K.L.:
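So that we are looking at the same thing, I have put the structure below in structure tokens.
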2 protein chains.
Amino acid sequence: MKLSTKGRYGVTAMFDLAVRYGQGPISIKEISERQFISEPYLEQLFASLRKAGLISSIRGAQGGYILAYHPEDIKVGDIIRVLEGPIAPTDCVNEDDSFLCEKSNICVTRDIWLKLRDSINDVIDEISLADMVDNYEKKLNNKAYMYYI
Amino acid sequence: MKLSTKGRYGVTAMFDLAVRYGQGPISIKEISERQFISEPYLEQLFASLRKAGLISSIRGAQGGYILAYHPEDIKVGDIIRVLEGPIAPTDCVNEDDSFLCEKSNICVTRDIWLKLRDSINDVIDEISLADMVDNYEKKLNNKAYMYYI
DNA sequence: CATAATTCCGAGTTAGTTACTCGGAATTAA
DNA sequence: TTAATTCCGAGTAACTAACTCGGAATTATG
């Protein structure tokens, strides 16, 4: 039940883009330095995110990436699902029903995995990049205030 | 974000014990045949569950395993945590704080993993083996009724 | 126009983990 | 005494995660 680095790095990198939303394209190099993620690995992740339509790229010098939508419209769940595949604690509760076993109609453990899946998806689909930015700024303010005292 | 076979098989096997709670020891062979889990592998899982105190063993011929507590008092979460380790989507939200990074106080992605962790634990800690048995019997009754019509 | 900064692409690699298997010792009911 | 069982430690094969690498294509800038 661990998230892989793909999901974690992906959310972090997308948050980095969200904080700088509206300031033109941000390069992988910048993000990788700021967030301590290896450059070529981040490149890979961004390839997936671009193909999925969550970010757009600008090639060439001074190029980089920007969010394809307003931060409010990108949920953490969107990012994680692109990078980790469909979120389901077991295959038998995947969105596509191709891994159903023959006793699924009577299977009580499956009911648990269903509940678990839904609860996970609820959490990650309720948080947008904009929410993250808001929280981040609130934390920064609180910290500034604490130092002031 | 997948559960391993340990967690899945473990819950299934414990459910099998719960259904037969009060009927004396159940052997690994029986369970493995009923639940389609390899015998020596299940043996391994039961070793962990026994060491964790969730089941008791009776050795020798006609021996087997029984739940160490009433099914009501064993939650799915207890089983999963024994077999999969502490449930946390990332190391930085582990129960023990040994994997905290230095910016955890200001990290907004960590807040998400915390929410996720709690939501997962809420689900698996609210369901007991007794609940599973109840649901199972309800399903059996419904099915019987359906066939009757 | 040349150069440097970038994205884009496909492939390769290494270390760790998962999901097992296996052999045999110890225990106990029949 | 035998057969059925748990108990234990070790071994292994396949898979996956988490990267790296080399170089081609694109484009702003001097």
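Each chain gets a letter, A, B and so on, in the order its sequence line appears, and its residues count up from 1. These figures come from a predicted structure and were not determined experimentally.
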K.L.:
Nearest heavy atom decides the nucleotide; on that basis, is Gln62(B) or Gln44(A) closer to the 5' end of DNA chain D?
P.N.:
Gln62(B)
K.L.:
Any side-chain N or O of Ser38(B) under 4.0 Å from OP1/OP2 of dC20(C)?
P.N.:
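Checking Ser38(B) against dC20(C): no side-chain N or O falls below 4.0 Å of OP1 or OP2.
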K.L.:
On DNA chain D, compare the nucleotides closest to Glu43(B) and Tyr41(A); which residue's is nearer the 5' end?
P.N.:
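Closer to the 5' end of DNA chain D: Glu43(B).
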K.L.:
Using a cut-off of 6.0 Å, state whether more than 12 heavy atoms not belonging to Tyr21(B) lie near its atom OH.
P.N.:
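Yes, the 6.0 Å shell around OH holds more than 12 heavy atoms from other groups.
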K.L.:
Quickly work out the Glu84(B) CD to dT17(C) P distance and round it to whole Å.
P.N.:
14 Å
K.L.:
Say whether Phe15(A) and Ile66(A) are linked into one hydrophobic cluster, either directly or through other cluster members, by side-chain heavy-atom distances under 4.5 angstrom.
P.N.:
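Looking at the clustering, Ile66(A) is in a separate group from Phe15(A).
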K.L.:
Would you call Asp125(B) and Arg81(B) a salt bridge, taking side-chain N to carboxylate O under 4.0 Å as the test?
P.N.:
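Looking at Arg81(B) together with Asp125(B), the answer is yes, because their closest N to O distance falls below 4.0 Å.
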K.L.:
Answer yes or no: is there an ion pair linking Asp16(B) with Arg20(B), defined by an N-O contact shorter than 4.0 Å?
P.N.:
yes
K.L.:
What are the bounds, 5' to 3', of the part of DNA chain D that sits under 4.0 Å from heavy atoms of chain A?
P.N.:
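Under 4.0 Å from chain A, the extent on DNA chain D is dA18(D) to dA28(D).
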K.L.:
Considering only NZ, NE, NH1 and NH2 on the basic side and carboxylate oxygens on the acidic side, decide whether Lys139(A) and Asp134(A) come within less than 4.0 Å.
P.N.:
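So Lys139(A) does not pair with Asp134(A) through a salt bridge.
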K.L.:
Strictly below 4.0 Å, N to O, side chains only: are Lys75(A) and Asp131(A) in salt-bridge contact?
P.N.:
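No, Lys75(A) and Asp131(A) are not salt-bridged.
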K.L.:
So Tyr65(A), base contact, sugar-phosphate only, or nothing? Heavy-atom distance under 4.0 Å.
P.N.:
sugar-phosphate
K.L.:
With DNA chain C as reference, determine whether Lys51(A) or Gly60(A) sits nearer its 5' end, using the nearest nucleotide of each.
P.N.:
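Looking at DNA chain C, the more 5' nearest nucleotide goes with Gly60(A).
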K.L.:
How long is the line joining CZ of Arg50(B) and P of dT27(C), in whole Å?
P.N.:
13 Å
